[in-house]
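A short write-up of the structure that comes next.
Keep in mind the model is a prediction, meaning the values are calculated, not measured. Values below: all heavy atoms of this structure, side chains included; hydrogens, waters and symmetry mates excluded.
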Amino acid sequence: MTSLSDGALLDRVQRQTLRYFVDFAHPVSGLARERSNPVAGYDYRDTVTTGGTGFGVMALIAGAARGFVTRADARAQVATIVDFLASADRFHGVFPHFLHGGTGKTIPFSAKDDGGDLVETSFLMMGLLCARQYFSDDAKLGAAIDRLWHAVEWDWHTRGEDVLYWHWSPRHDWAMNHAIRGWNECLVTYVLAAASPTHAIAPEVYHRGWADSPVFRNGRSFHGIALPLGPDLGGPLFFAHYSFLGLDPRGLSDAYADYWAQNRVHVSINRAHCIANPNRFAGYGENCWGLTACDGDKGYNAFSPTNDRGVIAPTAALSSMPYAPAESLAALRHFHEVMDGRLWRDLGFADAFNETAGWIAEGHLAIDQGPIVVMIENHRSALLWRLFTSCPEIAQGLTRLGFSRRAVA
């Protein structure tokens, strides 16, 4: 494909990927469809995702700021989303993972996961709070977002213990029994829970719950790089993306880590693994890297250096652009130019590919497309970081949990 300047290429990728959340948004609710291709188990045309919609709202804001969509159109779509969510299924204020985009009724994610999903709700609230700040001149929209935000019963999800639990169902109660402990993608869940003006958790829930895990602290070195937090070799790259679409990691630290350093190291280890390529998969190299959760030739999986099946996802490298700008841009040029258009589609890059298997994903996923737009924008302007940080509740929540921020250049 024709080579573009860096700025023009970033514009092209952001603009095209944003179409997933505009042109392919659900026509009734405006929410983000979970995926763009058929799979067994649910109707992809009417299945919308709450967390992916939070990412999509942030992508809309980036698009409006860049002029890819008008501010008025972005505001109208966010208002449609917020109005729809006000009457959609909720459980103690917590939204399910999947909703029917036309009715707002729960679509079970699995047999017992048919109620509130606290982590997906946190991704949704992160996006909506960014929208409240961006459209601060719209008092009606801001009040509607606050009603959703204030209704989330974060404290209910402690079950009276010093940890948050991921799922609750009116039919199955706490049967999923999934305590949210780190290190993974859920840091923003604890920050929002501590920041809530109405249902805040105590700081002890963070320190005794989130930070109490055998895969929280690490301290070992991989490919000559010391890893502060997380499983060996870092885990899938979405750990460095999802919470940090809004949470600004620059200069951010607490008793456990410097989060800018943590994310940069995680990306470096993931890339170094792909360069080393111990399993000898085709295509891997210094400009073709990135292991994260995505579709694969044998189904969706959370790919990582310890779960490497030869599947590279463009979102992994592209959403790492704030942490490794030169390396991510080189990967972007490889996906866009060297692969001769095989990955480029109407809604942005195909979700993933496996050159060893000769496979390219048929479609796209909301939770992979959103971070591409948002993290490229955070690299370019820090827009979403600035918006989320500007929420007074978030500043208060971070302080309550013992976070501090040093000045960065």
Side-chain angles (χ1 to χ4, degrees), residues 1 3-18 55 58-59 61-63 65-66 68 222-228 234 236-253 257-275 284-292 305 312-339 343-344 348-349 368-389 405-409:
M1 299 179 74
S3 183
L4 301 170
S5 70
D6 290 351
L9 181 57
L10 293 178
D11 279 350
R12 185 169 201 243
V13 172
Q14 284 185 291
R15 185 194 302 270
Q16 193 94 339
T17 308
L18 180 62
F55 297 172
M58 300 173 86
I61 292 168
R66 289 275 158 198
F68 304 148
F222 307 94
H223 299 284
I225 305 165
L227 177 68
L237 272 177
F238 69 86
F239 290 3
H241 302 153
Y242 290 178
S243 281
F244 300 99
L245 300 186
L247 276 176
D248 183 353
R250 298 173 303 172
L252 185 68
S253 62
D258 175 315
Y259 291 94
W260 181 249
Q262 164 67 27
N263 292 341
R264 283 173 56 86
V265 162
H266 184 184
V267 170
S268 295
I269 291 172
N270 195 286
R271 180 172 179 266
H273 167 85
C274 292
I275 293 171
Y284 282 35
E286 63 179 5
N287 296 332
C288 188
W289 56 274
L291 307 178
T292 193
I312 297 289
T315 189
L318 305 191
S319 301
S320 299
M321 198 162 288
Y323 311 126
E327 296 83 353
S328 294
L329 186 60
L332 170 53
R333 289 202 174 277
H334 179 86
F335 301 146
H336 187 259
E337 298 165 11
V338 178
M339 296 193 72
L343 302 181
W344 193 244
F349 286 113
D368 290 343
Q369 298 300 90
I372 292 173
V373 181
V374 175
M375 289 302 261
I376 287 176
E377 192 55 45
N378 280 331
H379 162 68
R380 300 180 84 178
S381 72
L383 174 62
L384 286 310
W385 286 344
R386 287 187 284 107
L387 289 170
F388 194 61
T389 302
R405 189 181 299 278
R406 58 179 172 76
V408 292

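- Residues A317 and S328 come closest through the heavy atom pair O-OG, 2.9 Å.
- Looking only at distances, no side-chain donor or acceptor of Q262 sits under 3.5 Å from a matching main-chain atom of A257.
- The shortest heavy-atom contact between P228 and A226 is CD-O, 3.6 Å.
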- Task: Show your reasoning for whether side-chain contact (heavy atoms from CB on, under 4.5 Å) applies to I61 and L383.
- Result: CA-CA 9 Å; I61 292 168; L383 174 62; 3.9 Å; yes
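- When all heavy atoms of A382 and R250 are compared, the closest pair comes out as CB-NH2, 3.6 Å.
- Between H336 and F349 the shortest side-chain heavy-atom distance falls below 4.5 Å.
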- Show your working on side-chain contact (heavy atoms from CB on, under 4.5 Å) between L4 and R12 and close with a plain yes or no. CA-CA 9 Å; L4 301 170; R12 185 169 201 243; 3.8 Å; yes
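- In this structure, the side chains of E327 and V267 stay at 4.5 Å or more apart for every pair of heavy atoms.
- Residues meeting the ring-ring contact (aromatic ring centres under 6.0 Å, His included) test with Y323, sequence neighbours left out: W260.
- One finds the SG atom of C288 at 11.0 Å from the CD1 atom of I275 (value rounded to the nearest 0.5 Å).
- Of all the heavy atoms in H379 and P325, the pair that sits closest is CE1-CB, 3.6 Å.
- Side-chain contact check for L237 versus S320: some heavy-atom pair is nearer than 4.5 Å.
- Closest approach of P249 to L247, counting heavy atoms only: CD-O, 3.1 Å.
- Separating the OG atom in S268 from the CG atom in N263 is a distance of 10.5 Å, to the nearest 0.5 Å.
- With hydrogens and angles left out, the side-chain atoms of R271 and H223 include no donor and acceptor closer than 3.5 Å.
- Residues satisfying the side-chain contact (heavy atoms from CB on, under 4.5 Å) criterion with T315, sequence neighbours excluded, are T292, A313, S319, D368, P371, I372.
- In terms of modelled atom types and a separation under 3.5 Å, the side chain of N270 and the main chain of L291 share a donor-acceptor contact.
- Interatomic distance, Q369 CD to L318 CG, rounded to the nearest 0.5 Å: 9.5 Å.
- Under the ring-ring contact (aromatic ring centres under 6.0 Å, His included) criterion, F244 pairs with no residue, sequence neighbours left out.
- In this structure the side chain of E377 reaches within 4.5 angstrom of the side chain of L384, judged on heavy atoms.
- Two rings, from Y284 and W289, have their centers 6.0 Å or more apart.
- Here the side chain of N378 pairs no donor or acceptor atom with the backbone of P322 at under 3.5 angstrom.
- Taken from CZ in R406 to OG in S253, the straight-line distance is 7.5 Å, to the nearest 0.5 Å.
- A distance-only check finds a donor-acceptor pair linking the side chain of R405 to the backbone of D248 [under 3.5 Å].
- Using a 4.5 Å cut-off on side-chain heavy atoms (C-beta onward), F222 and L227 make contact.
- Residue R264 qualifies as open at atom CZ: its count of foreign heavy atoms under 6.0 Å is 12 or below.
- Judged by distance alone, the side chain of R15 and the main-chain N or O of G63 form no donor-acceptor pair under 3.5 Å.
- Under the 4.0 Å criterion applied to side-chain N and carboxylate O atoms, D11 and R380 are assigned as salt-bridge partners.
- Expressed to the nearest 0.5 Å, how far CD of Q14 lies from CE of M375 amounts to 12.5 Å.
- The two residues H266 and A240 have their closest heavy-atom pair at ND1-CB, 4.0 Å.
- Between V13 and the choices V373, L18, L332, the side chain to side chain contact (heavy atoms under 4.5 Å, CB included) rule is met once, by L332.
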- Task: Show your reasoning for whether side-chain contact (heavy atoms from CB on, under 4.5 Å) applies to S3 and R333.
- Result: CA-CA 8 Å; S3 183; R333 289 202 174 277; 3.6 Å; yes
